[in-house]
*Asks:* 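Take this structure first; my questions come after.
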Protein chains: 6
Amino acid sequence: MKKLIEGLHRFQAGYFKSHQDLFESLSHGQNPRILFITCSDSRIDPNLITQANVGELFVIRNAGNIIPPFGATNGGEGAAVEYAIAALGIEQVIVCGHSHCGAMKGLLKMSKLAEDMPLVYEWLKQAEATRRLIKENYSHVPEENLLRITVAENVLTQLENLSTYPIIRSRLHQGKLSLHGWVYNIERGEVLTYDPVIHDFVTLEQRNNSPEPEYIYNLYPSCSVSQAEG
Amino acid sequence: MKKLIEGLHRFQAGYFKSHQDLFESLSHGQNPRILFITCSDSRIDPNLITQANVGELFVIRNAGNIIPPFGATNGGEGAAVEYAIAALGIEQVIVCGHSHCGAMKGLLKMSKLAEDMPLVYEWLKQAEATRRLIKENYSHVPEENLLRITVAENVLTQLENLSTYPIIRSRLHQGKLSLHGWVYNIERGEVLTYDPVIHDFVTLEQRNNSPEPEYIYNLYPSCSVSQAEG
Amino acid sequence: MKKLIEGLHRFQAGYFKSHQDLFESLSHGQNPRILFITCSDSRIDPNLITQANVGELFVIRNAGNIIPPFGATNGGEGAAVEYAIAALGIEQVIVCGHSHCGAMKGLLKMSKLAEDMPLVYEWLKQAEATRRLIKENYSHVPEENLLRITVAENVLTQLENLSTYPIIRSRLHQGKLSLHGWVYNIERGEVLTYDPVIHDFVTLEQRNNSPEPEYIYNLYPSCSVSQAEG
Amino acid sequence: MKKLIEGLHRFQAGYFKSHQDLFESLSHGQNPRILFITCSDSRIDPNLITQANVGELFVIRNAGNIIPPFGATNGGEGAAVEYAIAALGIEQVIVCGHSHCGAMKGLLKMSKLAEDMPLVYEWLKQAEATRRLIKENYSHVPEENLLRITVAENVLTQLENLSTYPIIRSRLHQGKLSLHGWVYNIERGEVLTYDPVIHDFVTLEQRNNSPEPEYIYNLYPSCSVSQAEG
Amino acid sequence: MKKLIEGLHRFQAGYFKSHQDLFESLSHGQNPRILFITCSDSRIDPNLITQANVGELFVIRNAGNIIPPFGATNGGEGAAVEYAIAALGIEQVIVCGHSHCGAMKGLLKMSKLAEDMPLVYEWLKQAEATRRLIKENYSHVPEENLLRITVAENVLTQLENLSTYPIIRSRLHQGKLSLHGWVYNIERGEVLTYDPVIHDFVTLEQRNNSPEPEYIYNLYPSCSVSQAEG
Amino acid sequence: MKKLIEGLHRFQAGYFKSHQDLFESLSHGQNPRILFITCSDSRIDPNLITQANVGELFVIRNAGNIIPPFGATNGGEGAAVEYAIAALGIEQVIVCGHSHCGAMKGLLKMSKLAEDMPLVYEWLKQAEATRRLIKENYSHVPEENLLRITVAENVLTQLENLSTYPIIRSRLHQGKLSLHGWVYNIERGEVLTYDPVIHDFVTLEQRNNSPEPEYIYNLYPSCSVSQAEG
Ligand SMILES: [Zn+2]
Ligand SMILES: [Zn+2]
Ligand SMILES: [Zn+2]
Ligand SMILES: [Zn+2]
Ligand SMILES: [Zn+2]
Ligand SMILES: [Zn+2]
């Protein structure tokens, strides 16, 4: 705690003093453009890795960057998603998994958790879609690669889940919302992003060379319902 | 009831007698190829409109052909879906809405239900994604068309919801499962089916002329994770 | 699917064409007289076995024809029951189990389901009253008869559960509602119905000879409360 | 509190001292013969009104002597019921309502509770079956009698609910369990008991004169399943 | 039951007759000063051990005198607590555990309960905070003392839980509410009470000698928020 | 998104390159010393304001930095708390509210949220203890100060809630856990911390001058149970 308190003083004397106008202005309201959903893991610092300023990222963090399907839980995840989009008008949502994720490790050996960490055990059941997919489709994969794939598939599971939320389904329909799937690699300091066209995670370099640099992730089956209307 | 009991006798003396072998054979086990999810509405008879034989359709029926997202309810819907796919190996799932649906009418005027039909009111909250989408995106549509669109959009909502179920997400990944969205029109005796390529509901005739008559509905973002694995 | 689409055409060209007036009339509203609750099993076709017309049966189908007690789940069962009685004014409710029911087989060996079909496992807990009754009272019964008894007792369990629903309790009190317990035998094409007077399931023939052919199942302890009022 | 502490001393010096053997014996285990379910109301003292000794009544008390249907809540009611019957082997269950019950008064004007007592409001929804029955069947009753009837009907609602519990359904089937409905009248010091034969609440005097003084309340439709077994 | 009915007559002819004025007066409303929360155990008679009159104790009884944290269950516990404080204005709350508590015994060997008493098993999970504390902190204690400590710690767990209820948190802030932790010893007829100053359970004698005989249990961190207001 | 991607490159080329050893070392496991619970608000950057390094803070973020009582929700909050303490051995927990919190503003005018943000509305019910306390105890406070007090009281509510979690209750008992309440003031760049001795929030300066610089927040009523053991 001592270190933390010293940090607070360093912050106040340093960064805060030199950005006082920014903070004064922020005290009148936030206007973030990104909803950043990531793991509670201490090795992820969203503002650091994106070099985003204070005020730019609205952040949800829990164990395993899990967003349960609409209605499946009454925790804070859905409320924060709804607030970000309905109240703040955010149009970019990033779900960011990461290498060496303890929650995903837990998911691969659930049964060990039931006794000592019953709440973690229950929570990971919300990622059952990830677990079953891995178990039924990646049995051939050597164990050292399994975690990596689990992390990636779990990000996609959460994108599926997100699209069941009323506010998200409605905004996707309007073409006003983009969902992005990221995997942050701690040891390489690198982010892979899901490319729904080639159905794979690619480096930012690969994405950058594409003609469409700000790709909008869109799995929504929009419905012009001309027939239905007729 | 009298009529029903007479009907049972008529069935036994007629259809049953002439198909006794079929029933004898079915008594050793069912092997349906279709999971048919539709409304409880009395005007829908799944076997009649598809002319399917006894033993061909595994059927889930509730008010509004709603399948809540994975984990959102503890009713029978998820269990029946899981049983159909995991135990019976079904690979074709149809969600079939219908014209003049009372549940969808209720969804458009929810507040009137709270007092007299509290359970219906609570249940329709599971279709909130449909309700919000309609409210925020179809305010310009004349009221007489709104129900039709609601029915169609609701079918798509349920397809989204279905894809959050572990067994479905896993089988979609394997390419072993198809999800179909239907709207049955009572007065025309006709079915419209959702075409994810052109993003609209089309008649079976239109689909028939296409090069790919048994289209597999696929909104799943499959993930080859070559990078993630590397 | 091909077969199904062909069936749709056959339906439209055949049955629909010859009953166009019925369907036109039904498009203005349904008026079913029976709430028919049965299993999702593909071998049951409610309209076929009762020879009921389109528009006569309001149908709820899930795995095991289970209606959890009021408030126990937030699935579609309660809502459909409430809608049938409060909105459609239905006065006859049938719970129809059936021979060779896979859900009831599952109930007799629950533990095997937990891993592979967790949703089915959870759902069958709603039939725990049936399971415990069988376990504690039929230990002497040879295994080949146990399923048959489980199916029958489960129908009675659901009648008990139904009577906890507010709309049902209220209408039973008015004498305006009848609850019927049926077991459909696939290989015999026959229905047994519960007779609350002799406390057993009997064939329709046996019931037919009774002086009261449309027996109203009534387990409701009505309360004239003369003392309470005084 | 002072008064209470003095009471404790009085108890220890008086009743406890003169019954020390009873308490010593009870410290080796309880063996109550009655499960007594009643309201938290301070005006009811189960041991006083039944003159039962310490060790004779296993007691559940909450606002309104409500036992929600099996599975409807995760509060302590179901557990205590199960413990009483499965662990203690109790075979007599009494649900005892009472005149001037504040919870039942609340049930008749629910809407006033939502804001100030949200937990009471939610809890009383568990007695919705009582509320709807009263609203739909006793509109003609003058207000001063309505509470009395509500209390009586609510006792019967709870008997219905009780019969959905697995342990209760199983023991009723064995004929080893009796459910009794009581209404205690505070100002008369009198108990009315439900008589399922004449469908009314009667005084103990009336019951006493009957040939069957310890009537067993039995609404269970037992099933000999001879046909089902055959 | 016979004995009980005789008891009712004895009560009416004896206690009721001699206290008719009290009961008449109570019929106009209750005004209890104590909320007494205790176990369903038949060996506890709250009015007897405190020698309290009819009308003085508002009583909640369940297996293990457990009050789950606010929002954790939808059973009757929270509603009764809220009613006692918000509607009746009660300012003294006692949680009274007891020696030889069967529920607490169950808590120490939970796994044995899952199969035969599933509802008890689920309910005791509400006392998981007690179970974990005992398991992680009292491993050195000989088994014959463990139950006694479990009972005592469980009373404190419930006091913690109580303080999460809105009405309680608000009234504690006003200084208008006292929470008391009691353990009743059946074989000694004695009550130990928790003393938050010395952090231990003490006999009433010890408390009596203190300068503050009606100690108000206060774990609430009140907040004058002078800085926060400034 | 463009800006974000540029930021990622800047991070990789700059901070990551110069701290490659730290990241390499972190890829072998995290060892954070602080569980930092704060709002999703974009104006809070935990690592910035505490100047903590990557790897030092395990972070939970949701709307309003709310941790519902144990068992009240099945969202990610409890799991992350449990993981932080049981798996990572964290011994310092900070709940950090902040000035101008949108969630707390919402709490003060709940009714406006029900229609447009139903999930936020439901989520804020988890802070009902804060809302009721404010409503019943601060009616005299001018509106411009009310938000500030709400934020502060809400931090304390969450500390109360935290102490109902089994792992927390157990570790508090061991004296191995400290709970801290912070309020971060955006426009002053300053943190107030709750001082349980003087029952108020104070600046770090005030705390610094005190003899006990790293105060451990301890509201736990530890129980030496000497009597109980005897
Ligand atoms: Zn992680
Ligand atoms: Zn419909
Ligand atoms: Zn079946
Ligand atoms: Zn009462
Ligand atoms: Zn006990
Ligand atoms: Zn905030």
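All chains are named by letter (A, B, ...) in the order of the sequence lines, taking the proteins before the strands, and each is independently numbered beginning at 1.
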*Asks:* Do A:E56 and F:K3 come close enough that some side-chain heavy atom pair is under 4.5 Å?
*Replies:* yes

*Asks:* Measure A:I94 against the heavy atoms of chain F and call it side chain, backbone, both or neither at under 4.5 Å.
*Replies:* side chain

*Asks:* Below 4.5 Å, heavy-atom pairs only: which of A:H19, A:Q30, A:E187 has the largest tally toward chain F?
*Replies:* A:Q30

*Asks:* Based on non-hydrogen pairs under 4.5 Å, which of F:T73, F:N31, F:V59, F:V120 is most in contact with chain A?
*Replies:* F:V59

*Asks:* Do F:L8 and A:W182 come close enough that some side-chain heavy atom pair is under 4.5 Å?
*Replies:* yes

*Asks:* So if I take each residue of residues 36-45 of chain A and look for any heavy atom under 4.5 Å from a heavy atom in chain F, which residues do I end up with?
*Replies:* A:S40, A:D41, A:S42, A:R43, A:D45

*Asks:* Based on non-hydrogen pairs under 4.5 Å, which of F:R33, F:E6, F:R10 is most in contact with chain A?
*Replies:* F:R10

*Asks:* With sequence neighbours excluded, what pairs up with A:N65 under the side chain to side chain donor-acceptor pair (under 3.5 Å) test?
*Replies:* none

*Asks:* Give, for atom CD1 of F:I186 and atom CZ of A:F16, the distance between the pair rounded to the nearest 0.5 Å.
*Replies:* 10.0 Å

*Asks:* At their closest point, which heavy atom of F:Q51 faces which heavy atom of A:G7, and how far apart are they?
*Replies:* CG-O, 3.2 Å

*Asks:* Does a sphere of radius 6.0 Å around CD in F:E143 hold more than 12 heavy atoms from other residues, nucleotides or ligands, not counting ones at 6.0 Å or beyond?
*Replies:* no

*Asks:* Which residues pass the side chain to side chain donor-acceptor pair (under 3.5 Å) test with F:R61, not counting sequence neighbours?
*Replies:* none

*Asks:* Is F:Y15 close to chain A through its backbone or its side chain, or both, or neither, when contacts mean heavy atoms under 4.5 Å?
*Replies:* side chain

*Asks:* Non-hydrogen atoms of chain F under 4.5 Å away: do they reach the side chain of A:F23, the backbone, both or neither?
*Replies:* both

*Asks:* Could you check whether any side-chain heavy atom of A:L48 comes within less than 4.5 Å of a side-chain heavy atom of F:N47, counting everything from C-beta outward?
*Replies:* no

*Asks:* Please look at F:I66 and chain A and tell me whether the side chain, the backbone, both or neither of the residue comes under 4.5 angstrom of a heavy atom of that chain.
*Replies:* neither

*Asks:* Kindly write out the residues that satisfy side chain to side chain donor-acceptor pair (under 3.5 Å) with F:Q20, not counting sequence neighbours, or none if the list is empty.
*Replies:* none

*Asks:* Flag the one option from F:N62, F:L88, F:T50 with the top tally of heavy-atom pairs under 4.5 Å to chain A.
*Replies:* F:T50

*Asks:* Minimum heavy-atom separation for F:A79 and A:W123, please, with both atom names.
*Replies:* CB-CB, 3.4 Å

*Asks:* Measuring heavy-atom distances to chain A, does F:P118 have an atom under 4.5 Å in its side chain, in its backbone, in both, or in neither?
*Replies:* both

*Asks:* Less than 4.5 Å to any heavy atom of chain A: does that hold for the side chain of F:A72, its backbone, both, or neither?
*Replies:* backbone

*Asks:* Determine the minimum heavy-atom distance between F:Q126 and A:N74, stating which atoms define it.
*Replies:* NE2-ND2, 4.2 Å

*Asks:* I need the residue from F:V54, F:L26, F:I67 with the largest number of non-hydrogen atom pairs under 4.5 Å to chain A.
*Replies:* F:L26

*Asks:* Non-hydrogen atoms of chain A under 4.5 Å away: do they reach the side chain of F:E122, the backbone, both or neither?
*Replies:* neither

*Asks:* Count the heavy-atom pairs under 4.5 Å between each of F:G55, F:A103, F:A63, F:P32 and chain A, then report the option with the highest count.
*Replies:* F:G55

*Asks:* Which atom pair, heavy atoms only, marks the closest approach of F:E77 to A:G75?
*Replies:* OE1-CA, 3.8 Å

*Asks:* Please confirm whether the backbone N or O of A:V191 pairs with a side-chain atom of F:Q12, one donor and one acceptor, at under 3.5 Å?
*Replies:* no

*Asks:* Going from NE2 on F:H28 to NE2 on A:H100, what distance comes out if it is rounded to the nearest 0.5 angstrom?
*Replies:* 7.5 Å

*Asks:* In terms of heavy-atom pairs under 4.5 Å with chain A, which of F:I60, F:V81, F:I49, F:D116 leads?
*Replies:* F:I49

